[in-house]
Amino acid sequence: MTDTTQSASSSEALLIVLRHPPHGSSWLREGIDVALVAAAFGREVELLFQGDGVFALLEGQAAGALDQKGTHPQLKMLEMYDIERLWVSQRDLDRRGLTVDDLMLPVTTLDPDGVAALHAARPLSLIF
Amino acid sequence: MTDTTQSASSSEALLIVLRHPPHGSSWLREGIDVALVAAAFGREVELLFQGDGVFALLEGQAAGALDQKGTHPQLKMLEMYDIERLWVSQRDLDRRGLTVDDLMLPVTTLDPDGVAALHAARPLSLIF
Amino acid sequence: MTLHLIIRTPHSSGIFADLLDAFADGDYLLLIEDGCYAALPGAAGLDDAVVAGRIGVLREDAESRGLLARVAPSIEIVDMDGFVALTERFPKSLSWF
Amino acid sequence: MTLHLIIRTPHSSGIFADLLDAFADGDYLLLIEDGCYAALPGAAGLDDAVVAGRIGVLREDAESRGLLARVAPSIEIVDMDGFVALTERFPKSLSWF
Amino acid sequence: MLSYALLVHAAPYSTQGALSALRFAEAAIARGHRVETVFFYHDGVHNASTLMAPPQDEVHLGERWKRLGETAQTALLVCVAAGLRRGIVDGTEATRHDLAQYSVEPPFELTGIGQLVDAVLTHDRLITFPP
Amino acid sequence: MLSYALLVHAAPYSTQGALSALRFAEAAIARGHRVETVFFYHDGVHNASTLMAPPQDEVHLGERWKRLGETAQTALLVCVAAGLRRGIVDGTEATRHDLAQYSVEPPFELTGIGQLVDAVLTHDRLITFPP
């Protein structure tokens, strides 16, 4: 667990907080859509996976019945949009019995103080 | 606390389970609407207040801003529709720091075994 | 005998407590949609003693979420056809939300 | 400094844990809509140590729910004008749901 | 063979509930049951909108419901009280409320809550799909 | 004086969110601020429906939003991607998607997510109203 909150390159980065799991609702997709559009507009974007949002990163997801695409293909496009800073709450992984080895992308974990510091350090953020 | 599950007059009564608080969403109103219509059709109806649904009975509610009527006027009409059996989960009152003295209508409280027994005894029920 | 259905994660909601209060002998709990996350062995929310041996997870929903290989061994995996079969066996179903 | 808004009851949701993780020095929490139920003295959900003295409840929403006379003494009562004033004081707001 | 009623509270495209209901209906029919009634309540009424235009590569929920109604003779009932306030109106209600447009067409049908109570009482099974 | 953007995710009549947003807008204006933008996303897009017919003794959310747009020059922006799949379409989109009816009229305006990003970056405050 590394607290790299202070080293974020720009305090003006837009922080998108993702708190919902994939498939069950459109929140995750809609939050990622905002992140991708902001990045396409040239804004620096960071993602924080908190609460059930950590499930978005679970390795091994697939499309659902009736053409439900899921959000894992979107997440694999993040790098193409230069969204490379992915923060994950370590406590929320712990609460769900998961570790970073269960996740599909490299992330930086934060302890609760790190989560609070990240929220406090970003003037612009949206929760989905 | 009285477990009167066995004494309910008809096992064919329709049990409407109310689990949502007033004002914040339309669930409570929509559930009570179903109860009132079923009663108007001559069906015996019972209500079970479980979870945050116990807040529906809190004494002292009022209309909200912007013409929000709330659900307490509806609850006061229950008797007129011959809906007289109101069950409340004692544990859910406890969890919220409430007692029956905080409630606006006379109710029968149930312990968790009583809640399970009531659910099991009613073949027809809907949760709102 | 009641078939209980739950669609929310155990961490996001207080429904699990209410569901367990209402769970009677002979009942069955099927985890669907985001309820599937309760099938993870490390997940909070379900008191094993109450529902032990009477809990299943919907295959398609678990699979799309990457959960299929992670489901706790005590939990049955049920496909859509099995979901319908459960509603045949249990005359009543309750969806908690 | 962030103004946190919460609209759900502490019993129905796991949001309170996430909100408390994100709560920093100098932040403020305003309970609105069904979040007002967290203002009951007996309510679970809020770790007083973290938010003590930095928590308010929206008057109109508490009043319509019958909560006004029951609000815990440590919680400020804030009207709509006060809500707007809080957004003036805190440059950032986060709504948890 | 059993007769089923489905109660759909879930809005289209916001949560998985409508998809689950459709999948359940198809699986029940495949096992030889009848899905006689789908009752749309709460935000579920939005499933009845004839105005959905989802992307080509996503399921068209309105079309899928309509197909179910046509192929399985399932009644697609929409709570009129829940629908009217949310902008779910058929031609008749639009005229009555002086609206220039409408959003509901057959096989969807605006009805009262009484039809839900009736479905609960007369069908062998009721399955609810929440948001 | 500050400029505000409101982000509304809440569907009309299902949760209190839209009412809270309206009350906040009115209180902010009463304190001398400008509410420049309301962006409707997720199920919040249903607030833009011109087809609502609520009971006479309940607030008419569509009318209230419209009045806000007219009296406070607030831009009422509806996410087009979220709207189209949910049956929230204006005349132009209806024609493009071969729909015989439509559900959105000015002052509501269908726009892209870029406008939300723009609102976040250019307004002094963003307040979100969830469902």
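In what follows, chains carry the letters A, B, and so on, assigned in the order in which the sequence lines appear, proteins first and then strands, with residues in each chain numbered from 1.
- A side-chain contact (heavy atoms from CB on, under 4.5 Å) with A:Trp87 holds for exactly one of A:Thr109, A:Leu48, A:Val107, A:Val17; it is A:Leu48.
- Side chains of E:Arg96 and E:Val89 form no contact here, defined as non-hydrogen atoms less than 4.5 Å apart.
- Near-neighbour residues of residues 103-131 of chain E relative to chain A, defined by a heavy atom under 4.5 Å from a heavy atom of that chain, are none.
- A:Asp92 and A:Arg95 are joined by a salt bridge, as a carboxylate oxygen and a charged side-chain nitrogen come within less than 4.0 angstrom of each other.
- Distance check, rounded to the nearest 0.5 Å: CD of A:Glu30 to CD1 of A:Ile32 gives 11.0 Å.
- Contact annotation: the side chain of A:Glu12 approaches that of A:Arg43 to within less than 4.5 Å [non-hydrogen atoms, C-beta and beyond].
- Between A:Thr99 and A:Asp102, the closest side-chain pair of non-hydrogen atoms falls below 4.5 Å.
- For the side-chain contact (heavy atoms from CB on, under 4.5 Å) with A:Val45, the qualifying choice from A:Leu124, A:Ile16, A:Asp82 is A:Ile16, the only one to do so.
- Against chain E, the residues from residues 64-75 of chain A that qualify, each with a non-hydrogen atom under 4.5 angstrom away, are A:Ala65, A:Leu66, A:Asp67, A:Gln68, A:Lys69 in number order.
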When you look at E:Arg86 and E:His42, which way does the side chain to side chain contact (heavy atoms under 4.5 Å, CB included) test go after all the steps?
-> CA-CA 9 Å; E:Arg86 289 174 173 88; E:His42 192 76; 3.7 Å; yes
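- Of all residues spanning residues 49-62 of chain A, none has a heavy atom less than 4.5 Å away from chain E's heavy atoms.
- Using a 4.5 Å cut-off on side-chain heavy atoms (C-beta onward), A:Val115 and A:Arg91 make no contact.
- The residues E:Glu26 and E:Arg64 are annotated as salt-bridged, a charged nitrogen and a carboxylate oxygen being separated by less than 4.0 angstrom.
- Side chain of A:Tyr81 to main chain of A:Ala35: no donor-acceptor pair is present (N/O by atom type, distance under 3.5 Å, no hydrogens or angles).
- Between A:Pro21 and A:Leu28 there is no side-chain heavy-atom pair separated by less than 4.5 Å.
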Just distance, no hydrogens or angles: give the donor-acceptor pairs under 3.5 Å from side chains in residues 72-80 of chain E, sequence neighbours left out.
residue, atom, partner, partner atom, Å
E:Gln73, NE2, E:Glu70, O, 3.2
E:Thr74, OG1, E:Val35, O, 2.7

